[in-house]
There are 2 protein chains.
Amino acid sequence: MFMSTIEEIAKIAGVSASTVSRALARNKKISEHTIQRIEKIANELHYTPNLSARALTGKGTKLIGLIVPEITSNHYVQIVNRVESELYAKGYALIIGTTDFNADKGLRNLEVFIGRAVDGIIFAGDNLDEVNAAAVRDIIKTPIVFLGSAGDNTGHECVAVDDAHGISLLIRHLIELGHKSFGFIGEKLSKPVRLPPFQKALAEWGLEYNENFIKTDGTERFEEGGYLRMKELLAEGEMPTAVFATYDNIAIGAMKALHEAGLKVPEDVSIIGFDNIKESEYLIPALTTVFPPITEMADRAVDMLIEKIEKKDTDKTARKYTAAKTILYPELVIRQSTSVPRQ
Amino acid sequence: MFMSTIEEIAKIAGVSASTVSRALARNKKISEHTIQRIEKIANELHYTPNLSARALTGKGTKLIGLIVPEITSNHYVQIVNRVESELYAKGYALIIGTTDFNADKGLRNLEVFIGRAVDGIIFAGDNLDEVNAAAVRDIIKTPIVFLGSAGDNTGHECVAVDDAHGISLLIRHLIELGHKSFGFIGEKLSKPVRLPPFQKALAEWGLEYNENFIKTDGTERFEEGGYLRMKELLAEGEMPTAVFATYDNIAIGAMKALHEAGLKVPEDVSIIGFDNIKESEYLIPALTTVFPPITEMADRAVDMLIEKIEKKDTDKTARKYTAAKTILYPELVIRQSTSVPRQ
DNA sequence: AGAAGTCATGCAAACGTTTGCACTACCGTC
DNA sequence: GACGGTAGTGCAAACGTTTGCATGACTTCT
């Protein structure tokens, strides 16, 4: 039932395999009558083309590879989710791989995907340099688009969100409320993308940057990291009046630590997260957070990739990289976890 | 660089393609010396076998399809995550599809996967009947294992978690604390799997089952659904002393509603969730919840599938279905959202 | 009526791999 | 020195598609 071949259809229809192939592709050279007949048979047989065979003839696999650092955080879940549904709608299937923030694994994934003859690749990661992207671009014939933060400037085709913009929004909000001392919890990364803009924003407002208020260790374990780092901050005595957690999930842990210490959010300490995960609105207090346009990011990446694939399909000659870089901007969602500082 | 063929290697090595193929498979008929030489060349060329071609010869694609209802809830995220990493370790790649709880889409996914010649399929979903699993089993030659709740008894190869057991654990816990009236929020499903065991558990303890305390509408939107349903309960006046939310995310919304109504958890109302998402431990109060062994579920499913694939590989003759059904049991994680009822 | 054109279809090669079979050398044996 | 064995390798077919080219049957024009 499942898994019949073009040959079988041909036999039943009393025509040759080529005719079936063309009929199914609605090639104009085949008579309407034959097309109808063949389509009917194909349906009855639950015919699905063998994509491996098709791939071999250079017609593409309708397979897209998506590489993400990990898929348990809300951020990447949303991306995977959106990319999958967009791709499905366009008739592509999604194959995914994770890098665990590891450059080698990223490269291996790339090789694996290429061996599987994917039609295109979306490489997501805050840290585009994880893989030596420049090299990759030159080596790979498969269309690829990068998806990440706006930090890099390596000139690849990519869609990125400007974290720095979100962070300056958040600092401005805090400053307007009257805050003067700021903490930072999160982002223990080989190449941090949120800490530098944080420092820069502070500097722009002529604000003091207190090294002691920056906590990065162990924050790759989100809730736990946030909890532990906030406890550490608490133990050291001097406290900032506002703390920026680089992910909402870190903020959750941090708020727990504050609660246990008998401190109130936002009265004693204001907290801001990043991501706007779906739980944030329902936290107590509801979390003020930076909201990157994930859906749009995913859509753009998919569109760019598909366009690239189909363009490549037509003019196989020159594969020029019109290295387009789409930058998207996050918004600030103000809720109850921020207020004017005490006193 | 990437994407060289066996032919090219053969040319460089001065041997035939078949020799290269065998050398790369470490076939004993090829001299050790030749193997070394060919492997060296293959490495230099970054050779990756074209899996489409290999698939065509019946050697399998090393591709596994995973079908889930959706991938934004914590439960399925964890499953996808674990399945992916297990599979990666075993040299397989993962292709995923979502059904959106829709039987047709499930079937289409199945067809698509088969057309892509996946080596095996994991079909996850609380509701195994979404797809007429019995029919599927007979039709499909591709190894498949189901992953879901223990509700069904259609006799497929599957790994399931016994939700009912978790629910009886939870009811017992509540009863031991002294609760007498129980609410239920969640699960607007074509075939509910948690409500019946809930009712059954109540009956077993000779407890009254109050229809007014069961709220299911709109709970497919987790936080929001929980929030709205709890508000509804609150508005109706009479309140249970304990409420079971079928997902932790629903519990989060419910707790928010209670908070806004000025009610305290657990003093005024005890709340229990289901899933043990990573945020639960850090909620205020930390959430008591039923914890299904997701990691183990995923591992078992992968193991069963791979075993099935490789067994099928050896004895191609009989493909007998030793329809094994593995049942796993959830635990109850007791935290701060449950306590003795007031008065 | 024959040439030229159109339309529908078939043939066969190609894509990259695996594998049964055949072949060559070389070895040791009697 | 002919025979069988074995180790190493090549040939060619097969997997299911797609597609350029060839073919054959009509139609239409002159």
Side-chain angles (χ1 to χ4, degrees), chain A residues 2-39 41-42 45-63 111 114-119 141-142 313-314 316, chain B residues 2-39 42 45-63 111 114-119 141-142 313 316:
Chain A
F2 277 91
M3 197 85 268
S4 38
T5 83
I6 245 180
E7 263 334 314
E8 298 175 31
I9 298 182
K11 194 163 296 171
I12 297 180
V15 297
S16 77
S18 15
T19 301
V20 175
S21 174
R22 277 188 270 250
L24 262 18
R26 308 203 71 94
N27 184 310
K28 18 18 300 286
K29 314 227 76 182
I30 302 293
S31 70
E32 189 54 30
H33 171 250
T34 315
I35 292 188
Q36 299 286 349
R37 198 160 48 95
I38 289 180
E39 277 182 346
I41 299 178
L45 259 50
H46 275 268
Y47 171 75
T48 0
N50 180 323
L51 293 182
S52 298
R54 180 180 288 176
L56 223 41
T57 71
K59 296 295 289 182
T61 48
K62 294 288 181 181
L63 249 195
E111 288 191 20
I114 291 172
R116 295 207 148 73
V118 296
D119 287 350
K141 293 144 198 142
T142 309
D313 237 37
T314 44
K316 286 184 188 274
Chain B
F2 278 91
M3 195 89 270
S4 38
T5 83
I6 244 182
E7 246 2 294
E8 297 175 32
I9 298 181
K11 194 163 295 171
I12 297 180
V15 297
S16 77
S18 16
T19 301
V20 175
S21 175
R22 279 188 268 252
L24 261 17
R26 307 202 72 94
N27 182 311
K28 14 36 298 277
K29 314 225 73 181
I30 303 293
S31 71
E32 188 54 30
H33 171 250
T34 313
I35 292 188
Q36 300 286 349
R37 199 160 47 95
I38 289 181
E39 278 183 344
L45 257 50
H46 275 268
Y47 170 75
T48 0
N50 179 324
L51 293 183
S52 298
R54 179 180 289 174
L56 222 42
T57 70
K59 295 296 289 180
T61 48
K62 293 289 180 181
L63 249 194
E111 288 191 21
I114 291 172
R116 295 208 149 73
V118 296
D119 287 350
K141 292 144 199 144
T142 309
D313 237 37
K316 286 186 189 271

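Heavy-atom basis, side chains included; hydrogens, waters and symmetry copies ignored. A note on names: the letters A, B, ... follow the listed sequences, proteins ahead of strands, and every chain is numbered from 1.
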Which is more 5' along DNA chain D, the nucleotide nearest Arg37(B) or the one nearest Ala53(B)? Just name the residue. Arg37(B)
Minimum-distance nucleotide (side-chain atoms of Tyr47(A) versus dG16(C), dA8(C), dT17(D)): dT17(D)
Just verifying a value: how many Å separate Arg54(B) CZ and Ser21(B) OG, rounded to the nearest 0.5 Å? 8.0 Å
Value rounded to 0.5 Å, distance of CZ in Arg26(B) from CD in Glu32(B): 6.0 Å
Scan Ser52(B) against the nucleic acid and name what it touches under 4.0 Å (heavy atoms): base, sugar-phosphate only, or nothing. nothing
Does Ala55(A) offer a backbone N or O that forms a donor-acceptor pair with the side chain of Ser52(B) under 3.5 Å? no
Please round to the nearest 0.5 Å and tell me the distance separating atom OG1 of Thr5(A) and atom NZ of Lys11(A). 8.0 Å
Between CD1 on residue Ile30(B) and OG1 on residue Thr19(B), distance to nearest 0.5 Å: 5.0 Å
Value in whole Å for how far the P atom of dT17(C) lies from CD1 of Ile9(B): 8 Å
dC15(C) phosphate, OP1 or OP2, under 4.0 Å from Lys59(A) side-chain N/O: no
Candidates dT17(C), dT17(D), dT19(C) - which lies nearest the side chain of Thr57(A): dT17(D)
In whole Å, I'd like the distance from the CG atom of Asn27(A) to the P atom of dG20(D). 10 Å
Does Arg116(A) reach the main-chain N or O of Thr61(B) with its side chain, forming a donor-acceptor pair under 3.5 Å? yes
Let me know the distance between CD of Glu32(B) and P of dT6(D), rounded to the nearest Å. 21 Å
Of residues 14-23 of chain B, the positions that come close to DNA chain C - non-hydrogen atoms, cut-off under 4.0 Å: Ser18(B), Ser21(B), Arg22(B)
